[in-house]
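Contents: one structure, followed by commentary.
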Protein chains: 2
Amino acid sequence: MARKTKAEAAATREALLDAAEDMFMEHGVARTSLEQIARQAGMTRGAVYWHFKNKGDMFRAMLERVHMPFQDLVDEIEALEHDVSSLEAIRLACLQGLERFEQHPRARRVHAILVHRCEFFSDIDPIAMQQEIADECRDSLYQHLLISQQQQMLADDLTPEVATDLLQSMLSGLFHEWIRDPDRFSIYDRGVPLVNQLIGMMHRSTPAARADR
Amino acid sequence: MARKTKAEAAATREALLDAAEDMFMEHGVARTSLEQIARQAGMTRGAVYWHFKNKGDMFRAMLERVHMPFQDLVDEIEALEHDVSSLEAIRLACLQGLERFEQHPRARRVHAILVHRCEFFSDIDPIAMQQEIADECRDSLYQHLLISQQQQMLADDLTPEVATDLLQSMLSGLFHEWIRDPDRFSIYDRGVPLVNQLIGMMHRSTPAARADR
DNA sequence: TGTTTTACATTCAATTGTGTATGGAAACGC
DNA sequence: GCGTTTCCATACACAATTGAATGTAAAACA
């Protein structure tokens, strides 16, 4: 076969990853062969083995295309905390995260694959990856809820530990319910009232809890 | 090979399912061959193909050994609702559910396999199964939270819809965090304060929210 | 412009898993 | 007690993938 331009080669690499996403999503990771991926991209397995070491390497590359923006959210909290209260910053960061999930279809698909379309294989451990993401999110929430408590924002009977577990569990559950079938409902539309309500209930006895629904 | 007694045959069937659980849990469903399962049980594939049609049939049989006791929980709510308030009945049913998860290691393992160790194959769709379980739980919660609202138990700014989403998301998230690595923490120990806190916050302005931790 | 490297396609060897067919001895029904 | 059925082991044929080896024409480079 004729050699391609560097730009063309990069394009086929992207096309292969796109095809991998398609086939992984449709048939699951284990049930899709490298030939199916190659044919979906209009190539042969030769192209796949040129750009990637094997299926595991391809999977890893697919994940690396969607950078997990959790640290970005933390940074946004940080930037906001100078203007608004810490609890309010957390609330806005959660809403921002929901919105982001909704608006990046590639990130949505890759997360769906990671959670529901693959079991571990070769040296890929999706559960460990999910663990890592969840822990990162959890630690971040805890740090900021600790600040909220120090600022006397949390309700009397609410410890930052329980508050963290509550928020993290709720967000995690919402995510899992949604990612199971993202077309069933909008994670943003369902999530906004939940976040507002829960954060509102966490506030220190401000009877006029705001639930803008 | 010599024919076995009916009791012995039933025992090997159970042994095969035990072995399947072990291997599915350890290597994932897709990566375990029927021969691995047979050898783990001290048998050959002949035994497997005698008792089951194929891997999918075996998987289904494995799931059928653990009856999902969600309707039992609903019934327990029903039985309790004559004595205590509806919200209190929901709270107790949630705690009961957590306890049950903790205490049945087989159910725990099978759920872990269903969620994290398999993608769909042949005519098995684990996501649809999880969907079914979640919907059943959600519907049940909603029905009873509707009663709570009619009994004027819910906080003014809390609709039964949002309350349902909150509780269900929180429970689902807690479950997913736990099932990812059940040895990391006790779902009961972490769940009890969460349920108590959340249900407590849902109550209609009873300032003395109870958080027994 | 000539040489080297790149970006694939094609082919091949080897492995792995599946489903089925066959066999055999003991348990079961009568 | 005898035929039949059951429970499982063994053997075989078949398809599906994989990884690597080889081929090749054009791009990149000097």
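Please read these numbers as outputs of a predicted model, since none were measured by experiment.
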Can you tell me which nucleotide in [options] comes closest to the side chain of [X]?
X: B:Thr5; options: C:dA27, C:dA9, D:dT17; result: C:dA27
X: B:Tyr49; options: D:dT18, C:dA9, C:dT18; result: C:dT18
X: B:Met43; options: D:dA28, D:dA9, C:dC28; result: D:dA9

(request) Would you mind telling me which residue lines up with the more 5' stretch of DNA chain C, B:Gly46 or B:Lys55, judged by nearest nucleotide? (result) B:Lys55

Please confirm whether the shortest side-chain N or O distance from [X] to OP1 or OP2 of [N] is below 4.0 Å.
X: A:Trp50; N: C:dA7; answer: yes
X: B:Ser33; N: C:dT16; answer: no
X: A:His51; N: C:dC8; answer: yes

(message) Whether A:Asp123 and A:Arg60 form a salt bridge (side-chain N of Lys/Arg under 4.0 Å from carboxylate O of Asp/Glu) is what I want to check.
(response) yes

(request) For the pair B:Glu14 and B:Arg65, find out whether any cationic side-chain nitrogen is under 4.0 Å from an anionic carboxylate oxygen. (result) yes

Send over the distance from [X] [atom1] to [N] [atom2], rounded to a whole Å.
X: B:Leu34; N: D:dA9; atom1: CG; atom2: C1'; answer: 15 Å
X: B:Met58; N: C:dG19; atom1: CE; atom2: C1'; answer: 15 Å
X: B:Arg39; N: C:dG17; atom1: CZ; atom2: P; answer: 11 Å
X: A:Arg31; N: C:dG17; atom1: CZ; atom2: P; answer: 14 Å
X: B:Glu35; N: C:dT18; atom1: CD; atom2: C1'; answer: 11 Å
X: B:Lys4; N: D:dA9; atom1: NZ; atom2: P; answer: 7 Å
X: A:Asn54; N: D:dT18; atom1: CG; atom2: P; answer: 10 Å
X: B:Arg45; N: C:dT16; atom1: CZ; atom2: P; answer: 14 Å

If only atom types and distance count, is the side chain of [X] paired as donor or acceptor with the main-chain N or O of [Y] below 3.5 Å?
X: A:Glu119; Y: B:Val29; value: yes
X: A:Gln168; Y: B:Gly173; value: no
X: B:Arg45; Y: B:Glu35; value: no

(message) At a heavy-atom distance below 4.0 Å, what parts of residues 8-16 of chain A sit against DNA chain C?
(response) A:Ala9, A:Thr12

(request) Decide if the gap between the ring center of A:His176 and the ring center of B:Phe175 is smaller than 6.0 angstrom. (result) no

(message) Is it true that, when you exclude A:Glu132 itself, more than 12 heavy atoms of the residues, nucleotides or ligands shown sit nearer than 6.0 Å to its CD?
(response) no

